[in-house]
Chemist: 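First, the structure itself, so that you have it in front of you.
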Amino acid sequence: MLSYTLRRLAIAVPTLFIIVTAAFFLMRAAPGGPFDAEADLEPEVLANIRAAYELDLPPVEQYRNFLGRAFRGDFGPSLVYKDFSVTELIAIGLPVSITLGLAAKLLALLLGGLAGIVAALRQNTLVDHTVMAVAMTGIALPAFVTAPVLALIFGLWLQWLPVAGWNDGALANLVLPVVALALPQVAVIARLMRGGMLEVLRSNFVRTARSRGLRERTIVWRHVLPSAVVPLVGYLGPALAAVMTGSLVVEVIFNLPGVGRYFVQGALNRDYPLVMGIVIIYASFILLFNLLADLVYALLDPRVRKGLES
Amino acid sequence: MTATAGSASLWRKAGRRFARNRAAMASVVVLALITLASIIVPITWHFGIEDASWESILTPPSLADGHWFGTDANGRDLFVRTLYGGRISLAIGVLTTIVALAIGVTWGAVAGFTGGRVDGLMMRFVDVLYSLPLIFFIIILVTVFGRNIFLVFVGIGAVEWLTMSRIVRGQTLSVKTREFVDAAVAIGVSRGAILARHVVPNVLGPVIVYVTLLIPTNIIVESYLSFLGLGVQEPLTSWGLLISQGAGQLEQAPWLLAFPAAFLAVTMFCFNFIGDGLRDALDPRDR
């Protein structure tokens, strides 16, 4: 197990390094500088600004300084949000994005898991078909369609919930974004759960359990569920890693101060330091979650575990 | 030669199975109608996609005044814009899939057929890219090069071939051990010819199924990017861009969101039904 973890780390760390390096040099090679928009600057002023942002140094030296500071968590000043450093912006955005992402994931697991189990136990009945039809709709309707519609119905017409805004993470402000974010995932999870359940329900050891006269509830809880969730865990790893990037659209629609919104704004404004900082943070999280998911997968599935030990 | 004859009848059987699948056949018809309309209507309709009119700003849908789907904030006809957007969305979906198909099939077939260390290296590369979300590449590309529809192609093309290459590699590995490949090697057929004549035709089934699922995925990705302002830009339009504009004026003019979203959703349903139908038809063991 330990050697497996170390081996995965030995892949993850260089990957992060390569991503950061590639992104850095791509952005330095970009046509046009970030200050092109501010027309008619005196050459001396422009030179001073460039010096302040170290744009006058040779690229390799810029890169070395950048890496050194980034390692200490300092990503430099944002080029657009003038009074903030990138680190400050990320510190504001990260709790928002993580709260949203985790809440949505939990909701999706609960609803999707339940729907999948019910559908599988009542296979080919009306219940099953309804659940699967709803799931199909959930997959066909992306968050950028459901979110505005939810805001219209519950925010503007019924006035039950705020239309947008964060309001320091008040529960009422969280409901709509979390639901909008969770809906497509509910659909995917329900399908996976149903598939996993059906496969296990047909297997020999379940037939044996039935022949021993165990109660159906015991069979489902003790024997079917633990095996049926394995494909779900395989999906959850990358999905957990996508917790933050997933909330991008929802943050933009509901005007929430998350990392995702800064990421999009950074791209639209060509705010290099901001985008670089977020790339590093995102990439680290993604690699970390993927690593964790692999480990959990190995722990859960004895076949994978055996393969590792030999 | 027998392999070819055998696979021909296999395809015919699969075609017959597919034709019996009502949901899939209906989807083919609906999809064909949407595609035809999005090609023909923008050419022949009595409003152009950029015909703005001050007299009819944000008018609701009505058959009487000729604006079947209503008009937008500039008084432009939504019917023709929705279908024109469909043209762009469908084109991007299909073209990016072709890019992914070309890269993925080549990469996977070469890796699987060569095997050994080359295979290991190539698939490790896929693993690394796989761990990063698409939006990453797009955001970096947009930050570097500014907004440009071309970047959508590059970004999607750079990422969506990964799954394809995995599928093709897996299939290639299993085809490689079959007797007819041994026979081809024995009579001195070159590696390239074996790849093209024996391996690729035999991995076609799963690839076709995946393609019908990749097109709607790419359409959604394009819509998602256009919605965020990173994809298609005015005066061009796409379903994603229309939905984004509609979402901003949902209270005054709900039709601006409803029609493009409905077209997008129906298209998604159709592709998914066709994909499911093809999978059942090509792999009867699954059901």
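Please read all numbers here as calculations on a predicted model, not as lab measurements. Below, chains carry the letters A, B, ... as their sequence lines are ordered, and counting in each starts from 1.
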Chemist: Is it the side chain or the backbone of B/Ser223 that comes within 4.5 Å of chain A heavy atoms, both, or neither?
Modeler: both
Chemist: Give, for atom CZ of A/Phe263 and atom CD1 of B/Ile138, the distance between the pair rounded to the nearest 0.5 Å.
Modeler: 11.0 Å
Chemist: How close do A/Val249 and B/Tyr224 get, heavy atom to heavy atom, and via which atoms?
Modeler: CG2-CE1, 2.9 Å
Chemist: Could you check if a side-chain atom of B/Phe227 sits within less than 4.5 angstrom of a side-chain atom of A/Ile253, using non-hydrogen atoms only?
Modeler: yes
Chemist: Is it the case that over 12 heavy atoms from other parts of the model lie below 6.0 angstrom from the CZ atom of A/Arg191?
Modeler: no
Chemist: Select one option (side chain, backbone, both, neither) describing which atoms of A/Ile18 are under 4.5 Å from chain B's heavy atoms.
Modeler: neither
Chemist: If we only count heavy atoms from C-beta on, is the B/Pro254 to A/Val149 side-chain gap below 4.5 Å?
Modeler: no
Chemist: Please report the interatomic distance CG(A/Leu248) to CD1(B/Ile139), rounded to the nearest 0.5 Å.
Modeler: 5.5 Å
Chemist: Tell me, for B/Ile243 versus chain A, whether the close heavy atoms (under 4.5 Å) come from the side chain, the backbone, both or neither.
Modeler: side chain
Chemist: Counting heavy-atom pairs under 4.5 Å with chain B, which one of A/Leu152, A/Asp271, A/Ile278 comes out on top?
Modeler: A/Leu152
Chemist: For A/Glu199, is the CD atom crowded, meaning more than 12 foreign heavy atoms sit under 6.0 Å from it?
Modeler: no
Chemist: Just do the side-chain contact (heavy atoms from CB on, under 4.5 Å) check on B/Ser244 and A/Phe144 with the steps written out, would you?
Modeler: CA-CA 8 Å; B/Ser244 134; A/Phe144 54 81; over 6 Å; no
Chemist: Shorter than 4.5 Å, heavy atoms on both sides: which option in A/Gly266, A/Ala267, A/Pro142, A/Ala147 has the most such pairs with chain B?
Modeler: A/Ala267
Chemist: At a 4.5 Å cut-off on heavy atoms, which part of B/Ile220 comes close to chain A: side chain, backbone, both, or neither?
Modeler: both
Chemist: Could you look at A/Val252 and say if it's the side chain, the backbone, both or neither that has a heavy atom under 4.5 Å from chain B?
Modeler: side chain
Chemist: Under a 4.5 Å heavy-atom cut-off, does chain B meet the side chain of A/Val264, its backbone, both or neither?
Modeler: both
